[in-house]
Each structure stands twice: as C-alpha cells, then as structure tokens.
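Read the numbers this way: they start at 1 and go in the same order the structure lists the ligands and their atoms. The analysis underlying the following values was restricted to heavy atoms, covering all of them including side chains, and did not include hydrogens, waters or symmetry mates. Just so it is clear, the model here is predicted, and its values are computed rather than measured.
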Amino acid sequence: MKQQSNIKLVLENLIKEKKATIGVIGLGYVGLPLITEFCSKGFRGIGFEVDPKKVESINSGKSYIVDVPTEKVKSCVAEKRLSATCDFSSLKECDAIIICVPTPLRKTKDPDMSYILAAGEEIKKHARSGQLIILESTTYPGTTDEVLLPMIEETGLKLDEDFFLAFSPERVDPGNPQFQTHNIPKVVGGVSKDSTQIAALLYSQIVEKVYPVSSARVAEAAKLWENTFRAINIGMANEMAKLCRTLGIDTWEVVKAAATKPFGFMPFYPGPGIGGHCIPLDPHYLSWKARQHGFDSKFITLAEEINSSMPKYVVELVRDALNDEQKPLKGSKILILGVAYKKDIDDMRESPALSVIDLLRARGAEVFYHDPFVPEVTFDHAYTIGDGEPLYNQELTDELIKSADCVVICTDHSCIDYKRICELASVIVDTRNALSEEIRNGSKAKIIRL
Ligand SMILES: NC(=O)c1ccc[n+]([C@@H]2O[C@H](COP(=O)([O-])OP(=O)(O)OC[C@H]3O[C@@H](n4cnc5c(N)ncnc54)[C@H](O)[C@@H]3O)[C@@H](O)[C@H]2O)c1
C-alpha cells in the first residue's frame, strides 16, 4: 500500500511540476499535435515512430501535419523539449506513454489490432515501475483491459502498484481551426480509479476540460458512439439527398431550412461518400465487438450500405448529365475537383473521390484531377476495377476547365475560385454544394447538384 501511494504521489508531482517525460507512440495526425501540445506547455516529449522519415522531419524541426505549424515543432526541438526516435528503448525514460497508432480494418472489415499489439510489445520490453500508459487509438470496448492490461502484467509489474493504465479517446478534427487539442474536452477512463485520476491530471495540463468516466470501456464506447452517430447521420443525409432528388426538391435548401430549428435538429450533409481514418472504420469496431456477443447492429450496417453507395450514385449523375449532352461516359474527359476526403486538408485515407475516379475509369472515362493539397493519387490495386494507374495534380488552367466534358466537385476546398469554374465549365456535378446560388445563377453551365 505504501509503495502504491508513493508511486502515485511521485507521478502526480512530476506531472504537476511539468517534469514528467511524455512518450507518444505514433506521430501521425493524432500523435504529433498531442506531443507538441505537451512540449509547448513545458513538458519534455519523446516521439516513437516506425517511419524514419517522420523522425528525421521532427528532429530537423519540420512539421508534416497541416494543423501543426512548423514554427511550433521548430521551437520545441530548439528548446530540447521535443525529439523523435525509432529506438523504443527510450520508452524507459518516459513517465507517461501515450499510444496513438493506427487502428485500420482488415479486408474482412474486422479490427486490425496489429499496430496496438506492436506498440504493446515495445512497452512490454521497456516498461519500468512508475509509468502511466494511455491508449488513444480508437478501438472496441474492452481493448485496454482485455488486451493491453494482460500484456503489461506479463512483465511482472502490477496495476496500481507499479503502473497505471487508461484509455482516452482522441477527438481531433483535422483542418478545424476552431477546435484543436487544447479546447476539445477529453474523456478519460482508467482500468482502475487511480489510473483515471492520474490520466485526468495529465490531460488537465494541456486541455481545458477533462471528463473522467468510470472505466476504460466507457471511454472506448463513448468514442465509437460519437463516430457511429456521425456515420449514421451522414447515411441519413445521403439517403435524403437521393430521396429529394427523386422528388425534385433541392436537398440543400431543405436541410438549411430544417437547421433553423433551434432544438432537436443538427444538420448533417450529403456528399460523395465518407472518408478519413475514422468515420468509415470506427463503427465496424463497435459492430464487430457486438457480434462477438451475438448482437447485430442494424443501423451501422444500413449506414455503411448507403454511404458506400454514394460514389456509384455520383458516377450515375455524371453519366446522366453527359447523356443529356449526347456524350457517352466512355472517352469523355472528366475533371475531378478536390480529392482529399474533406475540405482544406491533405488526407486521402478512404477518400470517396478515389472510388469515384476508379468507377469512372472502369467505364472508360479519361480522368484528371486538381487538388492543391494532394500532389499525387495512388490506387490500391487490390481494390481497383479501373486501370489503377496513379494520377497527378493538374494545374487548374482555363484550358483544362474548358476541355473537360464534365467537372465533378468531390471536395469543396475553400481556395478554389468556383465562380471561375462556373464561367468556364460546360457541365458540373457538385456533390458538396460548393456553388452558391449567386454563382449558379450567373452561370451558363449545366449544373447538377446532389
Ligand atoms: N486522424 C484523425 O482525425 C483521428 C481522430 C480521432 C482518432 N483517431 C484515431 O487515432 C489513431 C491514430 O490515427 P492517426 O490519424 O494519427 O493515424 P496516422 O496514420 O496519421 O498516424 C499513426 C502513426 O503511427 C505510426 N506507427 C504505426 N505503427 C507504429 C508502431 N508500432 N510504433 C510507432 N509508430 C507506429 C505510423 O507510422 C504513423 O505515423 C487511430 O486509432 C485513429 O482511429 C484519428
């Protein structure tokens, strides 16, 4: 008992005095903003990465994540508060270790736990008494206490006597200038009471509001509930878009009108499909776990079905628009505007634009794209039905826009001059409501909106 309270006390003091060394495993969209936040609040941070290029970039003071300014990384490195390494033996130096590795799906759409297991193995090799370990990667309820806890206990170290373990979901919204790490409330659930307390204390050093819950499972489930809520509501918006189109009603005007209700309604918008590392994947983590217990989550299945039908629906809109011009899809020149999965970011993971391009190419269209954030688009040959050859960003010249038989707005980046597109293009399919009423009214182009 004496040893337990000592370790807890020592760790608490290290955190309060900002003398704790924070290790972050995985320096991607989640890990890099997190570690730089700790470092700029005065902590020493060590980033652990398997990608040597990222390690090199950080150590030379350069950011590769749009939301993390290079200036911030540079000053943290210059003040010797931030470093990155591929050598996991330095995990021993860390008082707190936060795991931010990917949690993708296997081809079977089951959770791919290999990254969490690899991080767990490294912690197991280098763990010492007196550490706080936190998992931030999105995962199914039960991962922290069913998978990580036994792994760490295999070292002989004991929960609450030697180490503390918690789950705290990451809610970062890449490209959102209003909400960043420091002002997004942080849910924290430990596998023990002490674990919750210490993890909450750690996060309270860098975020304005920490919300402790009774267990790691609650925290894990809360994250999946949030993202399942989004996937299902986007699925509904996509279905409403198809429904409104069938009835000849303007979807965007309907949702704008409905959103004037000050309570009981939250607007979600249709689009060419869902993308990113979270919304298309996370609900599967929940439904997979539910299935292990004989529960079939119907909403998740339905939303997935509707959302994944959207790229094909967009291609049908393009086909119909060209048909009205007496042009076949085969051989037509299609310019895709925006390929990142959402506006103003460079993230291509699960981007629905990839499926739109792939389907168009499979039907014989000649596809070009312009996206100032994405220099090159590659296709996973295991999934492509088109030719699968990489594509490169094209300069958005007047000639390019004019030469396209159809322009498809897949991502509504703010830096695109949509008025110019409307002046020069002949046929436009707008999947994001990027073209305002004013721009549309002044245009001679044939415009089809979702
Ligand atoms: N991107 C988001 O917007 C977001 C938001 C909330 C939650 N999440 C969740 O956070 C987790 C991380 O997502 P991300 O977007 O930062 O992924 P990412 O791919 O951008 O970054 C993960 C990093 O981990 C590194 N990595 C992989 N295996 C490693 C290992 N064994 N040791 C050390 N580093 C390793 C990769 O090289 C990569 O740099 C995922 O579970 C994701 O679902 C992401």
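Ranking protein heavy atoms by distance to atom 21 (O) of ligand 1, first place goes to G28 CA, 3.1 Å. Nearest non-hydrogen protein atom to atom 19 (O) of ligand 1 is R349 NH1, 3.3 Å. With respect to atom 23 (C) of ligand 1, the closest heavy atom belonging to the protein is E49 OE2, 3.4 Å. Nearest to atom 24 (O) of ligand 1 among the protein's heavy atoms is G26 CA, 3.3 Å. Atom 2 (C) of ligand 1 has C278 SG, 3.8 Å as its closest protein atom, hydrogens excluded (heavy atom only).
In this structure, E122 has no heavy atom closer than 4.0 Å to ligand 1.
Geometrically, K125 does not engage F88 in a cation-pi contact defined by less than 6.0 Å to the ring centre and at most 45° from the axis.
With hydrogens and angles left out, the side-chain atoms of D112 and S114 include a donor and acceptor closer than 3.5 Å.
Here S137 has heavy atoms under 4.0 Å from ligand 1 in both its backbone and its side chain.
Annotation: side-chain hydrogen bond (donor to acceptor under 3.5 Å, both in side chains) contacts of K223 (sequence neighbours excluded): none.
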Stepwise side-chain hydrogen bond (donor to acceptor under 3.5 Å, both in side chains) test for Q197 and K8: CA-CA 10 Å; Q197 273 174 17; K8 190 176 174 216; 2.5 Å; yes
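Contact check on R128 versus D95 returns a salt bridge, with a Lys/Arg side-chain nitrogen under 4.0 Å from an Asp/Glu carboxylate oxygen.
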